[in-house]
Amino acid sequence: MTEARPGTAVNVPRLTLSGASKRFGPVQALRNVSLELYPGEAHALLGENGAGKSTLVKILAGVHQADAGELQIGGQPVVFRGPGEARAAGVAIIYQEPTLFPDLTVAENVLMGRQPATRLGRIDKRTMQRQVAGILQELGVALDPARLVRGLSIADQQIVEIAKALSLNAQVLIMDEPTAALTLQETERLFRVVRSLRARGAAILFITHRLEEVFAECQRVTIMRDGQWVSAGVIGDYTPGSVVRQMVGRDLGELYPHAQTQPGEVALKVSGLSQPGMFDDVSFTVRRGEIVGLAGLVGAGRSEVARAVFGIDPREHGSVQVNGHTIPPLQPRLAMRAGLGLVPEDRRQQGLVMELSIERNANLAILNRLGRGLLMDRAAEDRSAQQWTSQLQLKAHRLSDPVSSLSGGNQQKVVLAKWLATGPAVLIVDEPTRGIDVGAKAEVHRVLAELAAAGLAVLMISSDLPEVLGMADRILVMREGRLVGELSREQASEEAVMWLATGQRSQDLGGAA
Amino acid sequence: MKSVRGLLGWEATILALVVLALLGGALLSPDFLTASNLSFLTANFSEIALMALTMTLIIIVAEIDLSVASILGLASALLGTLWAAHVPMPLAILLTFLAGGLAGLLNGLLVTRLGLPSLAVTIGTLALYRGLAYALLGDRAIADFPPFYTNLGFGTVPGTAIPIPMALFAVLAVLTAVLLHATAFGRRLYAIGANSMAARFAGVQVERIKLLLFVMSGLMAALAGIVYTFRFSSARGDNGTGLELGVIAAVLLGGVSIFGGRGSVVGAVAAVFLIGIINGALTIVDVSNEILTIVTGLLLIGSVLVPNLLARLRAARERRAVRPVGDAVS
Amino acid sequence: QPALKKGLKIAFLPKQINNPYEVIADNGGLAAIKEFGGVGKAVGPSDAGASSQVSYINTLIAQKQDAIVIAANDANALVPYLKRAMQGGTKVVTFDSDTAPEGRNIFINQANSEGIGRAQVQLLGKLINYTGDIAILSATPNATNQNTWIKWMQEELKLPKYKNMRLVKIAYGNDDDQKSFTEMQGLIQAYPNLKGVISPTTVGISAGARYLSTSPSKGKVVLTGLGTPNQMRQFVKDGTVTAFQLWNPADLGYLAAYAAAALASNQITGKEGDTFTAGKLGKYTVGKNGEVVLGPPTTFDKANIDKFNF
Amino acid sequence: MTASPSEVPASAARANPVQQLLRARELSLVLLLAVLMGVTTAINPRFLSVGSVRDLLLNVAIIGLVVVGQTVVLLMRHVDLSVSSVVGLSAFLSGALFVAQPSLPLPLALLFGLLLGAVAGTINGLLVAYGRVPALVATLGTLYVYRGADYAIVHGGQINAANLPPSFLNFATGSVLGVPNLVLLVLLVMVGFAVYLGSYRGGREYYAIGSNQEAAVLAGIRVQRRTLTGFVLSGAIAGLAGVLYLARYGTVDASAGSGLELQVIAAAVVGGVSINGGVGTIAGAGIGALLLGVIGSALVTLRAPAFYQQAIQGALLLLAISVDIVLSRRTARRLQGGPK
Ligand SMILES: Nc1ncnc2c1ncn2[C@@H]1O[C@H](COP(=O)(O)OP(=O)(O)OP(=O)(O)O)[C@@H](O)[C@H]1O
Ligand SMILES: Nc1ncnc2c1ncn2[C@@H]1O[C@H](COP(=O)(O)OP(=O)(O)OP(=O)(O)O)[C@@H](O)[C@H]1O
Ligand SMILES: [Mg+2]
Ligand SMILES: [Mg+2]
């Protein structure tokens, strides 16, 4: 542990990437980027959406081959032709988007290709589950290793990804936004594990858009902008302000710009909503001009409530009214017609049609408005897509490019654009800023605040507690499928929310705050 | 955009191949490029062409309908039975359409209500509808259709060599192309095919649209059955057996992705003509059916393989072009 | 009578290009064409469908063939297209399986249909002593020739000497070997008192015999029908089948080719009473409805089967 | 470690609903099978006689064998339509081999079929894995190509039982302890594959690839090579099935095996193998094949009129997959509704 102290001379990099460049057709994703990871250190890689972070990760993982540049591990030059080779060289990766096998068990997902086997080569299922149970316990989550991955929430999937990387016991651990979907609880546990890995001498690369995590957990930073290296150094030489300035190239406005307004009449009224096994007797209202936060632990059922309100999931009891119109269950189209919108939590599965262009995605919810009679009006399609994507400062080559070519954060902006284009009266946003960089996050917040000021009712589900606290006029808290409390802006604090969400006092929380 | 451009390229390629096939046929045999031969030749694939239109829509939403040829047979058998029972022809035609629509509705309901995979459902209804056709007609064949109607199937548009079924097809092809490429409905089909969950989250009524498409497919197959019956002046239980694979082969050759979300009417139509013309050209110079079967298979494989290989070649060349610059930097 | 023209272009269009029976017939026809100095060929679809035959008819019209010799997959569907061929000056001869009379100039019938149908019932009746349940294992439900024969079989069964024989089922093997095999198996399973099966199709009888030869019902159920000696030789020798019938398919094609040539050389027009000479087979006369009958079928059994090779 | 609040969530309580559901799925099939056989036997007791059970098993054997390879391919979220043509080609060519070489020992004939099928499967696999041609397109193409080759080679020829050596035919009709040799061979292959797919690393990779191909790449699985192997297996099994087809039917012409592909896929799907990959077992697929076979024989035994048979068969197939999905949904709901 002594040789692992940052900045000391004895320290040699475990992994060195120098002069890496990568091009995707017309897009130069990386240009001459370098990176050094030291044993026993957590290294933060920072940059705006689309800066090239994930591309860099995928080069280290052997998923992409760099057009130029050299990679060394332990001083030896290496070339990875595939993910298998990177893993064999002791590099473990947690990718930005969970990539799991939905039809296999949690245990098999974690140990795929490395399942413990008997002498005859037969897989020893019992040992396999025991091993994985051990890792999950270390992470402090109650996931059954024998259950299938299908149906796990994004957060639980992220946990499985983490378990997978940890099970490798690798010398280099690369984590691309592992905490984006996690709440404080899991995040804290993850960091605890990371610290113990560091103590064992592992080198860690950590990507996040939550700056507080960087300053709490990392020893070094590298900052990128537009695919280029901007600066690198020990964390002590940086402040949040300087980091943001180097990332964005300018000073940021206020992150949580929402000023409390006088709420208008009730826009969304949910009463007695129940679905056995999912949620029970959920009632609340959201008024015009109001931003209401919906907080809770992962798996508390917030997304389920949102989906049931919008009509994607069934609901057995209860009613939903938008501006006085009752909305029947399982009719998203009628809900939309009444002025309801839902920005779903899983942008890849639920939010976007990856193969289609940015424009087609952005217009998908308002096709009926873009026609002349029966036929589509191409000019109107262009105009409409242009309007919202530029307002959200989408970084894209052309609007006719497939949305899959965008970086994660920019994809999220397309989902937002799609719903803002509908001009909703009530907008439910589920993890609206997951994976979005600070600049864009401020932008999303500004847009939401402006729209609220203009009379939009917003229900905001977010696992990013500071975001909820900063933006919401009122906070509803869910626990195990029930609404357990409501806090006004004045009453709300991280502690108060956690107390409601867990049903326990803060000292039991293991120092999460 | 890359994929979009690639697709347009593919359609242009298919159209170019159609022209090449015509020229090749003319070179091979002086009897090929005559109005009457082309007229026979196109009339020959009218049913496949008709069914390819709705099949294109269905495959674009990532479903499949293997039962079309059986619905064709059922429609033919029903039309014959009704006619033999002295039902007036217009009413018989109406009832045949109704039956086709119902057959499509059953497919659609099983797929959308029960959530069964369409491949499995339509393998089942492939047997069911063909069986019903046999049950209706048994070993009978109805042949004495009124000349007015058989002339519609058999004749050409007055003053031209264009077969009447092909003229009908042309009209329907234009309508389908407009529906798919220029309406909100068409836009939704692509979204459903590429990611039905995301489409549902955007308020697209995925189930209802799929149901509608299966009904359309049933109606179109019934139309093909009516055309078939009049064209051959013969209603039999086994009419059109096995045509489904030809329809699907044509649609896929036309660049419609079997995984949904990609393809165009122009491509599918051009592919129907390409297969038909190549077959016609090779038959006229007495190339055996065995070789024709092989050529069809190779065309189908080549239609995807060749663009894939070209794309990879291009990518490799680009990478080679990039490398020296990169090396200079490092 | 004018002589046969030289260099006549005659095309054989079988039900299905890969059907072994049809291949024998086509080859007989091609041999005849060679004899009289014509240009012959056999083309056709690999599925036994009417629509696939139509595309070949159209091609043959475009190729301006002098005559088409066709085994029709559908009695009606081909008629408008064959008419078009005849209007263009191409002579049309049907063989093996006929179309409606207006679709062709001449039909070469393998044997008198009534004779074939009745003879098979007579043969089976003798073999099972005129008592017991019987079944028919046919080709496709729409096969014209099989259906005509079956009609005559049913007529024959109405005679008083068959009062103890009951036709319990007509099964269809679709001229598919495997399907015929399973249908035979099903017949035996479903009808415990089954005594005899008539399979008036070469595919059906050989598949049926193959099943029977390994089943416990061998020797208990009598199988007869129409088959080629080469396919049936083994089953006749091992006692599975006692006797079956057929004409010589090569002769059928041979006769059809000569008839086509006679038509194309304007020796005959196809009306009743026309006569022509068919090479080694001798002189034939066109009968009612433009039919020419090849001759009575041969019955094959243990005693004579080794004399035949087709 | 201390009990912590985040351990409470529902995920633990809802353990394994999908797995239990799968088990329930095979169970519902067996149930359906039992009902069908019970009813048929009640009406015609001969249905369960030794002879007819033997025939039934023999009928199912060929489909049952091909379905094993098809399952491997379906698990990877691909499909192999060309199996029917491979069966036909292999049946005819191995027959031709016997005609040319009547003293050919049986194992060599089986090996010949395996190899021939493997070559055909390799072409499919190369197209799908390395040529990136969607499996449906690639194998629909080779369905035509292999059948065309078959037509060109056979051209109206035919292999008859008379051309085959008696030892070969005896193998087909022979049995061990009353179980026909063919059925034993097929069962052997089934058990082997069931164990391999269920509990060997290589076997699990088929599930992984079908479940999420991208994740499989990231997990270091050599997806292309594994995909190729899957198609080779499917082809080889179809090739083997071709030799057995020859042994069973004795007569082979150019159209042997035509249309088999849809029956095989139907059997797999009825048996719970998902067309969307990643889900299904050999046992299920085998039961599916058996169920279809029983439906077919039952109709004949019950003397269903010939012209209605196909319709009834289609309807029963639809019924089977519908009942199956409804039953398994209900089971899933019960499992979910339980802990509230
Ligand atoms: N497969 C691809 N094809 C084309 N362009 C791509 C591809 N992958 C990434 N890009 C482009 O490369 C650039 C860098 O993307 P990357 O995903 O590395 O960003 P990032 O820094 O991880 O952003 P985020 O914080 O949003 O995850 C973006 O402009 C993106 O559009
Ligand atoms: N489709 C599904 N099938 C089965 N279980 C599911 C499904 N979706 C979610 N779950 C489970 O339901 C529980 C509630 O999930 P939900 O997504 O509503 O939680 P949440 O409160 O929104 O938390 P978060 O969105 O932060 O993960 C979780 O345990 C999750 O694993
Ligand atoms: Mg990223
Ligand atoms: Mg959620």
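Proteins come first, then strands; the chains are lettered A, B, ... in the order of their sequence lines, and each starts at number 1.
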Closest-packed option against chain B by number of heavy-atom pairs under 4.5 Å, given A/Leu356, A/Asn361, A/Leu334, A/Val353: A/Val353

Whether over 12 other heavy atoms sit under 6.0 Å from B/Leu309 CG: yes

A/Arg348, part contacting chain B, at a heavy-atom distance under 4.5 Å: backbone

Side chain B/Asn195, main chain A/Gln349, donor-acceptor under 3.5 Å: yes

Residue B/Arg208 excluded, over 12 heavy atoms near CZ under 6.0 Å: no

Options A/Met336, A/Arg360, A/Glu381, ranked by heavy-atom pairs under 4.5 Å with chain B, top entry: A/Arg360

Partner chain A: residue of B/Met197, B/His181, B/Arg187 with the largest heavy-atom pair count (under 4.5 Å): B/Arg187

Salt bridge (Lys or Arg N to Asp or Glu O under 4.0 Å) evaluation trace for A/Lys395 with A/Asp226: CA-CA 10 Å; A/Lys395 211 153 140 197; A/Asp226 289 335; 2.8 Å; yes

Worked check of salt bridge (Lys or Arg N to Asp or Glu O under 4.0 Å) between B/Arg200 and B/Glu207: CA-CA 9 Å; B/Arg200 195 191 317 268; B/Glu207 259 64 56; 2.7 Å; yes

Closest-packed option against chain A by number of heavy-atom pairs under 4.5 Å, given B/Gly186, B/Gly203, B/Ala202, B/Ser196: B/Ala202

